[in-house]
Amino acid sequence: MNVSTEKADLSALRIDHHKRDEGGGGSTMKYFLIGTLALALLGGGYFLFSENIKPAREVELATATLTYPSSANAVLTASGYVVAQQKAAIASKATGRLVYLGVEEGDKVVKNQIIARIEDNDVTAALAQSRANHDLAKADFDDAKQWLERARTMFASGTMSKAELDAAEARFKRVEASIQYAGASVRSSEVALENTRIRAPFNGTVLTKDANVGEVVAPFAASASSRAAVVTIADMSSLEVEADVSESNITRVKPGAPCEISLDAYPDKRYQGYVHKVVPTADRAKATVRTKIRFKNLDEHVLPEMSAKVSFLSREAENQEASQTRLLAIPLSAIATVGGKKVVYRVSDGTALQVLIETGQILGDAVEVKSGLQAGDKIVLKPNDQIVDGKKVRTKQ
């Protein structure tokens, strides 16, 4: 082993203190910055984590809905049906087979129009016989009248006895009675013939066709195989809404009070009306009182038996045309003021998002929203200082 070589090698292993002092400050600063950044990341992560694990704020929700301006004046609402006040199931007075039916559903008829006819051969024959008997009675009457006049002349001249004159007068009276009987028989046959004609009792529209040609019709449906009514008609100008109002609220309904009618078939249209009558009796089973609401602007879209909703108004709408336009509305209690501006908190996927809105007219306890929301949006009701933009929320049960 070379001792001198080993010593030389060991002496080379010196620490250069000058170089260490020269570069040590930069390394310390670098480590300090890295540590600070790490602490910031850890702090931010902890903050986000702590926010996520916090329980969601429990809130009540409301919905932005389309409504009509008149809803602000509504004191009561009720449901009912459109009913024709003049409606009839038209039947025949006579029994027979239906041989003619001249209308179908939807046809308009006028008063005394022949709608249908049943077989009338036997009635026609009886009428012809009655008229023939009447004609024969008239001929006998003319002959008896002439003979009575001659008998009176002959009796006056002394060529005829009183007994013969009495016989002539008796014959004249019998013939006179027989002609009255024959005339009554003719009228009876004419009525029987008229009973085979089924006429419209008033101007109206055919709602249903209840029998077909070839079927037997009879008053009150005398047998299971016969029909009572041939058609059902209604006067469409007599349509009204019949709605049931709770007994506890009936004091709010006054005859003549303005109403607004909406039909389930046409939810986007409103009909103006008024209370025509409050039926003076209650339904014991339902504890309701029936009210009749008459239309002011009835049209061909309104049909019997349609479902309807009636809003009883405290006052009539000032602008009828504007009242037909639906407005987007939200409860007044859903609006908060942030920085002098009106905002609401729209809830999406469990998060409250602050939305700036523009409001319009007041609609009772609601307000029109001109911009910022859409129909169906869910918003926080009665927001407080704990509800902020991005806050997790859940619906209050």
Side-chain angles (χ1 to χ4, degrees), residues 79-124 190-244 259 261-274 276-277 279 290-310:
S79 299
Y81 295 91
V82 178
V83 178
Q85 301 303 304
Q86 191 170 24
K87 179 180 176 182
I90 312 303
S92 169
K93 291 183 179 180
T95 300
R97 192 173 304 278
L98 194 65
V99 295
Y100 167 76
L101 182 60
V103 296
E104 58 184 13
E105 293 91 338
D107 287 351
K108 297 184 182 300
V109 296
V110 296
K111 186 177 181 179
N112 292 326
Q113 176 184 337
I114 295 179
I115 296 173
R117 189 173 67 247
I118 63 175
E119 56 185 356
D120 58 3
N121 295 336
D122 52 343
V123 180
T124 302
E190 288 174 344
V191 170
L193 181 63
E194 178 61 26
N195 288 342
T196 64
R197 272 66 169 157
I198 303 172
R199 298 179 183 270
F202 51 80
N203 298 343
T205 302
V206 178
L207 301 182
T208 61
K209 186 177 71 171
D210 304 313
N212 294 305
V213 172
E215 291 185 310
V216 173
V217 295
F220 312 110
S223 66
S225 60
S226 61
R227 301 281 185 174
V230 177
V231 295
T232 301
I233 69 172
D235 181 1
M236 304 301 276
S237 65
S238 70
L239 294 180
E240 294 181 354
V241 174
E242 293 186 355
D244 291 334
C259 299
I261 305 166
S262 64
L263 303 177
D264 292 353
Y266 309 105
D268 295 333
K269 184 174 177 60
R270 289 293 186 273
Y271 294 89
Q272 302 303 315
Y274 61 94
H276 172 58
K277 184 177 294 185
V279 178
R290 178 160 298 179
T291 59
K292 295 187 177 184
I293 296 87
R294 185 164 289 180
F295 289 87
K296 285 186 177 180
N297 53 338
L298 190 63
D299 59 28
E300 69 277 2
H301 297 106
V302 183
L303 301 176
E305 307 306 323
M306 278 186 168
S307 299
K309 290 182 177 62
V310 180

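Remember, it's a predicted structure, so these values are computed and weren't measured experimentally. We number each residue from 1, following the sequence as shown. FYI, side chains are in, hydrogens and waters are out, and symmetry mates aren't considered; it's all heavy atoms of this structure.
- Residues meeting the side-chain hydrogen bond (donor to acceptor under 3.5 Å, both in side chains) test with Lys292, sequence neighbours left out: Gln85.
- Using modelled atom types, no side-chain atom of Thr208 and backbone atom of Asp210 make a donor-acceptor pair closer than 3.5 Å.
- Residues passing the salt bridge (charged side-chain N to carboxylate O under 4.0 Å, His left out) test with Asp120 are Arg197, sequence neighbours excluded.
- Residues satisfying the salt bridge (charged side-chain N to carboxylate O under 4.0 Å, His left out) criterion with Asp299, sequence neighbours excluded, are absent altogether.
- Met236 has its side chain within reach of Leu239: a pair of non-hydrogen atoms, C-beta onward, lies under 4.5 Å apart.
- Within a 6.0 Å radius of OH in Tyr81, other residues, nucleotides and ligands contribute 12 heavy atoms or fewer.
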Could you go through the side-chain contact (heavy atoms from CB on, under 4.5 Å) check for Lys309 and Asp264 one step at a time?
CA-CA 8 Å; Lys309 290 182 177 62; Asp264 292 353; 3.2 Å; yes
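- Looking only at distances, no side-chain donor or acceptor of Arg97 sits under 3.5 Å from a matching main-chain atom of Glu215.
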Evaluate the side-chain contact (heavy atoms from CB on, under 4.5 Å) criterion for residues Val82 and Leu263: first the C-alpha distance (whole Å), next the side-chain angles of each, then the deciding distance (0.1 Å), finally the verdict.
CA-CA 9 Å; Val82 178; Leu263 303 177; 3.9 Å; yes
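- Judged by distance alone, with hydrogens and angles left aside, the side-chain atoms of Asn203 form a donor-acceptor pair with the main-chain N or O of Lys111 at under 3.5 Å.
- Taking all atoms of both residues into account, the shortest heavy-atom contact from Ala211 to Leu101 is O-CD2, 3.4 Å.
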Between Ile261 and Ile293, is a side-chain contact (heavy atoms from CB on, under 4.5 Å) present by the stated rule, with each step listed?
CA-CA 9 Å; Ile261 305 166; Ile293 296 87; 3.6 Å; yes
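- The main-chain N or O of Ala243 is found under 3.5 Å from a side-chain atom of Thr291 such that the two form a donor-acceptor pair.
- Here the side chains of Val302 and Tyr271 are in contact, with some heavy-atom distance below 4.5 Å.
- In this model, no donor atom of one side chain and acceptor atom of the other lie less than 3.5 Å apart for Asp107 and Thr205.
- Nearest heavy atoms, Ala94 versus Ser92: O-OG, 2.8 Å.
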